[in-house]
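Report on one structure; see the data block that follows.
So you know, we letter chains A, B, ... as the sequences are listed, proteins then strands, and number each from 1. Note that this is a predicted model, so its numbers are computed, not measured.
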Number of protein chains: 2
Amino acid sequence: MSTSTPNLEEAAFLRHYDPALYDRPSFSVDLVIFTAHEAQLQVLLVKRGAHPYKGCWALPGGFLDLHRDSTLQACAERKLLEKTGVKAPYLEQLRTYGSRDRDPRHWTATAAYFALIAAPAVHLGGGPDAVRWAPVCDRAVADPLAFDHATILADAIERLRAKLEYTHIAVHLLPEEFTLPQLQQVYEIILQQPLDKSSFRRRVAEADMLEPVARQSRNGSGRPAQFYRFRDYDRRTFFPRSISRNAR
Amino acid sequence: MSTSTPNLEEAAFLRHYDPALYDRPSFSVDLVIFTAHEAQLQVLLVKRGAHPYKGCWALPGGFLDLHRDSTLQACAERKLLEKTGVKAPYLEQLRTYGSRDRDPRHWTATAAYFALIAAPAVHLGGGPDAVRWAPVCDRAVADPLAFDHATILADAIERLRAKLEYTHIAVHLLPEEFTLPQLQQVYEIILQQPLDKSSFRRRVAEADMLEPVARQSRNGSGRPAQFYRFRDYDRRTFFPRSISRNAR
DNA sequence: GGCCATTAGTTGCTTTATGCCACTATTATG
DNA sequence: CATAATAGTGGCATAAAGCAACTAATGGCC
């Protein structure tokens, strides 16, 4: 990214030569990387090292590399790998934010993606940037975010909540093998309301998404819980009803 | 839009001058404009007058104008107005498609929007382009479409179907005043299955979205139907359950 | 006018899903 | 061996959805 102002004479020439070439917004990809950890939904933030918003926390991201990235999705996958060192089990485009005002320098657009990863999978601190997990509380994090990243984050949380109702993406916030109480806790963390155990289990059973594995938890006192594995990561099936109807 | 190939020497200079300026994909906005007409879901297509895909049907759209459009949404609104002459009651971003391959010339990205308008509202044939409504059958139209527009269309239909289940956007496919049988027909057209009249009306009544107006239909034989008006275009309320559960 | 076809709109019963709460099961701990 | 703690099941009251028969209001036709 450059902070120099365009040479207007040159720009005018280029515009004449090929209008489509010059009339392009600066285009980047930003990531909203979620994990569920310690009874909280958390999002990965990086501290900006350059102006504008220098020193401010922001969503990880960066500009497209037209030579390396053959698709937008590939660019998002590359940046995710660079930031977290893992290939996320779930990565989905959120939407694209484009306006003259979102960056004080010029017209910019950013394609926002959101990713779900299991908390233990990530080892931060690889690069020189300051990186941290920030707990999400009521559609936002405690710190102010650069650009329109607070809006992007709020939209991502809304999308995540909505998709929890009719898809099984919650499993991607857990390790490959997990228990039903763990899964229910993920739902409760994200929907921010307690769910009825009996109804929750009935619904999960009806969806027929999980297969038991020969393993049981040993978490201190109490009856050990059965571990399960998500049956088919490719299949996109739906709950017959909204799961938040199981609220108590 | 230009079909000339970039001057590589010049491009290299510009890249040196401002890497962020040159490393940008060509960026456009495409529209999926839906209407419900004659018991079919229809989508607006234009015939391409330039290469590539010259003579092929395509979704309407075009490049951003960084001087006129302050946001992506504004650009979509402008193009919609240019194509249809109306301000659509519903316009929503679908997603952005970007890859090296979708245009044979170079790396391109397009932000796709979908719009819903009432059939009688539109008067086509304003511009020199060939424009037509194409009936949608099973997530596609009869003709092959330019670029990846068939994919975009399929995604738009999927989004429309999904949103029909939990929002009231269907009303935007009808004139301001409409009858319940008309509304039910819109649902049946898009979901492609007959719905139970009694359950449908019960659900619409529970949602409390419509207010009756002092007007009745005179459509040939049969009892005249009550007209209604959508109560609040701004409010985003939801059906408590998926409406397609009313399938017979 | 009277009958019929046609479409709009209502009612009530049956079936299914959900909310709720109590119950059993299996472990650790003292 | 009792108790606390967590996992998991069962049953019943209530609410919603499916289904089909019913009434209502219009135009067309004799």
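- Remark: P of D:dT14 and CG of A:Asp196 are 17 Å apart, rounded to the nearest angstrom.
- Residue whose closest nucleotide on DNA chain C sits further toward the 5' end, between A:Gly222 and B:Gln226: B:Gln226.
- For the pair A:Arg203 CZ and D:dT9 P, the interatomic distance rounds to 17 Å; values are reported in whole Å.
- The side chain of A:Pro224 approaches C:dT27 more closely than any other nucleotide in the set C:dG9, C:dT27, C:dC21.
- Ranked by how close their nearest DNA chain D nucleotide is to the 5' end, A:Ser198 and A:Ser221 are led by A:Ser221.
- Summarising the geometry, the separation between CD on A:Gln182 and P on D:dT6 is reported as 14 Å, rounded to the nearest angstrom.
- For B:Phe178 and C:dA8, the CZ to P distance is 15 Å, given to the nearest whole Å.
- Distance from the side chain of A:Lys197 is smallest to D:dG8 among D:dG8, D:dA17, C:dA8.
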Going through the checks in order, is the salt bridge (charged side-chain N to carboxylate O under 4.0 Å, His left out) test met by A:Glu77 and A:Lys87?
CA-CA 7 Å; A:Glu77 282 167 11; A:Lys87 190 174 172 305; 5.7 Å; no
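- Side-chain proximity of B:Arg223 to C:dA8, C:dC20, D:dG8: nearest is C:dA8.
- Residue B:Thr179 is classed as having no contact, given no heavy-atom separation below 4.0 Å to the nucleic acid.
- Ring centroids of B:Tyr228 and B:Phe178 are separated by 6.0 Å or more, keeping the two rings apart.
- Ring geometry, B:His172 versus B:Phe230: the interplanar angle exceeds 60°, so the pair is classed perpendicular (tilted spans 30 to 60°).
- Panel note: side chain A:Arg229, backbone A:Glu176; no donor-acceptor pair is recorded below 3.5 Å.
- At whole-Å resolution of the value, CD in B:Glu206 and C1' in D:dA17 are 10 Å apart.
- Donor-acceptor pairing under 3.5 Å is recorded for the side chains of A:Ser199 and A:Arg202.
- Closest contact between the side chain of B:Arg201 and the listed nucleotides C:dC20, D:dC19, C:dG9 involves C:dG9.
- Summarising the geometry, the separation between CG on A:Leu183 and C1' on D:dG8 is reported as 15 Å, rounded to the nearest angstrom.
- For B:Glu188 and C:dT7, the CD to C1' distance is 14 Å, given to the nearest whole Å.
- Protein atom CZ of B:Arg202 is 12 Å distant from nucleotide atom P of C:dT10, rounded to whole Å.
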